[in-house]
Novice: 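So that we are looking at the same thing, I have put the structure below in structure tokens.
Quantities reported herein were computed from a predicted structural model and do not represent experimental measurements. Within every chain, numbering begins at 1; the chains are lettered A, B, ... in the order of the sequence lines, protein sequences first and strands thereafter.
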2 protein chains.
Amino acid sequence: MSHTPPAQPTATKLISVFLIDDNEEFCTVFSAALSEDPNIRCSRCFTRCEHAIEFLQQEPEKPDVILLDIELPGMWGLDAIEPLKKVSPHSHIVMLTIHDHDRNIIRAVAAGASGYLLKSSTPAEVLSAIEATMTGGAPMHPIVIQKLLRMFPIQDIQDTDGDITEREKDILRYVVEGLTIESIAKELNVAYHTAKTHLKHIYAKLNVHTRSALAAKVLKQRLL
Amino acid sequence: MSHTPPAQPTATKLISVFLIDDNEEFCTVFSAALSEDPNIRCSRCFTRCEHAIEFLQQEPEKPDVILLDIELPGMWGLDAIEPLKKVSPHSHIVMLTIHDHDRNIIRAVAAGASGYLLKSSTPAEVLSAIEATMTGGAPMHPIVIQKLLRMFPIQDIQDTDGDITEREKDILRYVVEGLTIESIAKELNVAYHTAKTHLKHIYAKLNVHTRSALAAKVLKQRLL
DNA sequence: ATCGCAATACCCCGAACGGGGTATATCCTA
DNA sequence: TAGGATATACCCCGTTCGGGGTATTGCGAT
């Protein structure tokens with residue numbers, strides 16, 4: 001446990017933050033709150049994604065963190081993630097929104113967002129989340145995490161698994177890609193019958209009898 | 001954004017916390033740090049899981065949160081999650097450890113841990129995480145979240161998906177169970193050929209050509 | 001030195017798959 | 001009311017699968 005006093009300026013350079021939110025009052029209040037931290041400078045606010053993207057195309061000084069709302073006039077935040085990543089690949093994009101629906105979370109994470117915070121957070125929480133982002137973390141609101149966990153089937157892990165050999169895992173990797181035994185054998189440079197034998201062993205170990213059940217089991221229990 | 005002043009005692013009752021960690025110094029220092037928050041009372045510390053479980057069997061006053069280390073003499077924290085849940089079902093169990101290996105994280109979450117914090121967190125971060133737990137959140141260290149996200153296949157969502165009809169989803173549900181067309185047809189009370197036609201349409205829509213690729217795509221993109 | 005296991009390779013055969021058709025009834029929308 | 005999507009059903013045919021064998025080589029533990 002590192003007992004770093006919260007507000008002590010660490011010896012790193014300023015964290016530069018952009019804020020994209022169409023609520024002007026929120027922008028004002030929140031960028032002020034951000035600036036109270038000596039490590040953070042909220043450089044610019046935008047009310048539309050398009051403006052931010054346009055700006056970043058010509059601006060050489062990219063921000064470290066982009067706080068991005070979802071519901072915006074014009075291009076929505078979710079659709080702005082990829083364009084933003086394109087014009088500023090090294091910026092961490094953190095969603096900051098009231099929308100906590102599963103679909104939005106998935107889409108944001110899939111599109112490359114580093115974090116997903118809710119506007120119900122206190123500014124202090126957002127601050128520490130931003131700092132966490134800079135050290136390789138992924139800031140997520142606890143509620144969001146719980147939703148993510150519910151979305152993924154972590155149940156019945158580690159029941160029948162275990163003794164799948166490395167070679168068998170090689171086979172499995174191609175099976176979940178949908179390859180036939182013949183193709184798998186070619187990929188692994190072994191005879192058709194060899195790959196087939198391996199697969200038979202896998203079937204026995206995992207107690208499945210079809211390709212689809214196998215693929216399902218492998219993915220659900222993360223056997224790779 | 002709720003501008004709640006951080007240290008203001010909210011109108012809820014005290015959060016009771018148990019701490020299980022074999023490092024006595026850590027226990028002392030950390031329970032002291034916890035007690036600085038007026039909302040939290042670190043009621044007891046244990047150096048072994050067995051002690052805590054034994055104690056809770058007779059103790060009617062269950063804690064709200066149990067902070068649990070992983071590496072412990074005797075029973076390890078991961079194996080203690082389920083017994084603890086048994087003797088105190090309403091306690092939120094939050095791992096607090098230096099072990100950030102994927103396997104541990106998965107096991108903890110699967111066993112029912114509400115959160116997973118790292119000892120590299122500041123006490124303040126742990127405090128706010130505990131409070132988040134009480135309001136339905138799942139506290140996770142940002143690093144842990146990132147690991148979790150990497151573990152789950154969230155990639156290529158939303159490319160070819162979409163227009164799968166309800167009836168086709170019925171078929172899909174059985175396909176990922178590993179049933180043959182014949183069995184699926186029986187389950188749905190339609191002719192063999194009907195189920196087969198549906199499946200052909202699915203193949204075309206999702207652009208796959210094997211059962212295993214289909215199952216993989218369905219699970220990875222959560223088409224059900 | 002032997003036992004076991006993993007990896008390799010081959011044989012056989014009935015069952016199921018994949019992909020190409022065609023066809024009907026229904027329902028919703030344009 | 002005509003067109004489009006959906007659910008239903010059937011035919012054909014070559015390929016692949018699933019499951020049952022057997023067998024050799026090599027490595028690590030006993």
Novice: Below 3.5 Å, does any donor atom in the side chain of B/T194 face an acceptor in the base of D/dC10, or the other way round?
Specialist: no
Novice: From C-beta outward on B/A191, which listed nucleotide comes closest to its side chain: D/dA9, C/dA7, C/dC10?
Specialist: D/dA9
Novice: Please state how far atom NE2 in B/H201 lies from atom C1' in D/dC10, giving the value in whole angstrom units.
Specialist: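 The distance from NE2 of B/H201 to C1' of D/dC10 comes to 13 Å, rounded to the nearest Å.
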Novice: When the distance from NZ of B/K196 to C1' of C/dA15 is rounded to whole Å, what number comes out?
Specialist: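 Rounding to the nearest Å, NZ of B/K196 and C1' of C/dA15 are 12 Å apart.
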Novice: CG of A/N189 versus P of C/dA7: gap in Å, rounded?
Specialist: 16 Å
Novice: Is any side-chain N or O of B/T180 under 3.5 Å from a base N or O of C/dC17, one able to act as donor and the other as acceptor?
Specialist: no
Novice: Which nucleotide wins on minimum distance to the side chain of B/H198, given the candidates D/dC17, C/dT8, D/dA7?
Specialist: D/dA7
Novice: Atom NE2 of A/H193 to atom C1' of C/dA6: distance rounded to whole Å?
Specialist: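 Rounding to the nearest Å, NE2 of A/H193 and C1' of C/dA6 are 19 Å apart.
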Novice: Let me know the distance between NZ of B/K205 and C1' of C/dG19, rounded to the nearest Å.
Specialist: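 B/K205 atom NZ is separated from C/dG19 atom C1' by 17 Å.
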Novice: Return the value, rounded to whole Å, for the distance between atom CZ of B/R167 and atom C1' of C/dC27.
Specialist: 16 Å
Novice: Specify the residue among B/K200 and B/E166 whose closest nucleotide of DNA chain D lies further upstream toward the 5′ end.
Specialist: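 The 5'-side residue here is B/E166.
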Novice: According to a strict under-4.0 Å criterion, is A/R211 in side-chain N/O contact with OP1 or OP2 of C/dC17?
Specialist: no
Novice: Without hydrogens or angle criteria, can the side chains of A/T180 and A/S183 be said to hold a donor-acceptor pair below 3.5 Å?
Specialist: yes
Novice: How would you list, by chain and number, every residue that makes a side-chain hydrogen bond (donor to acceptor under 3.5 Å, both in side chains) with B/T47, sequence neighbours excluded?
Specialist: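 side-chain hydrogen bond (donor to acceptor under 3.5 Å, both in side chains) list for B/T47, sorted by chain: empty.
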Novice: Does A/K62 have more than 12 heavy atoms from other residues, nucleotides or ligands lying within 6.0 Å of its NZ?
Specialist: yes
Novice: C/dA7, C/dG18, D/dA7: which one has an atom nearest the side-chain heavy atoms of B/E168?
Specialist: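 Of C/dA7, C/dG18, D/dA7, D/dA7 is nearest to the side chain of B/E168.
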Novice: Compare the minimum distances between each of D/dG18, D/dT8, D/dT6 and the side chain of B/V190, then state the nucleotide with the smallest one.
Specialist: D/dT8
Novice: Which heavy atom of B/M95 sits nearest to which heavy atom of B/I81, and what is that distance?
Specialist: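 Scanning both residues, the minimum pair turns out to be SD-CD1, 3.8 Å.
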Novice: Would you say A/Y203 reaches D/dG18's phosphate, i.e. side-chain N/O to OP1/OP2 under 4.0 Å?
Specialist: yes
Novice: From the options D/dG18, D/dA7, C/dA9, select the nucleotide whose nearest atom is closest to the side chain of A/H209.
Specialist: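 Given the options D/dG18, D/dA7, C/dA9, the side chain of A/H209 is closest to D/dG18.
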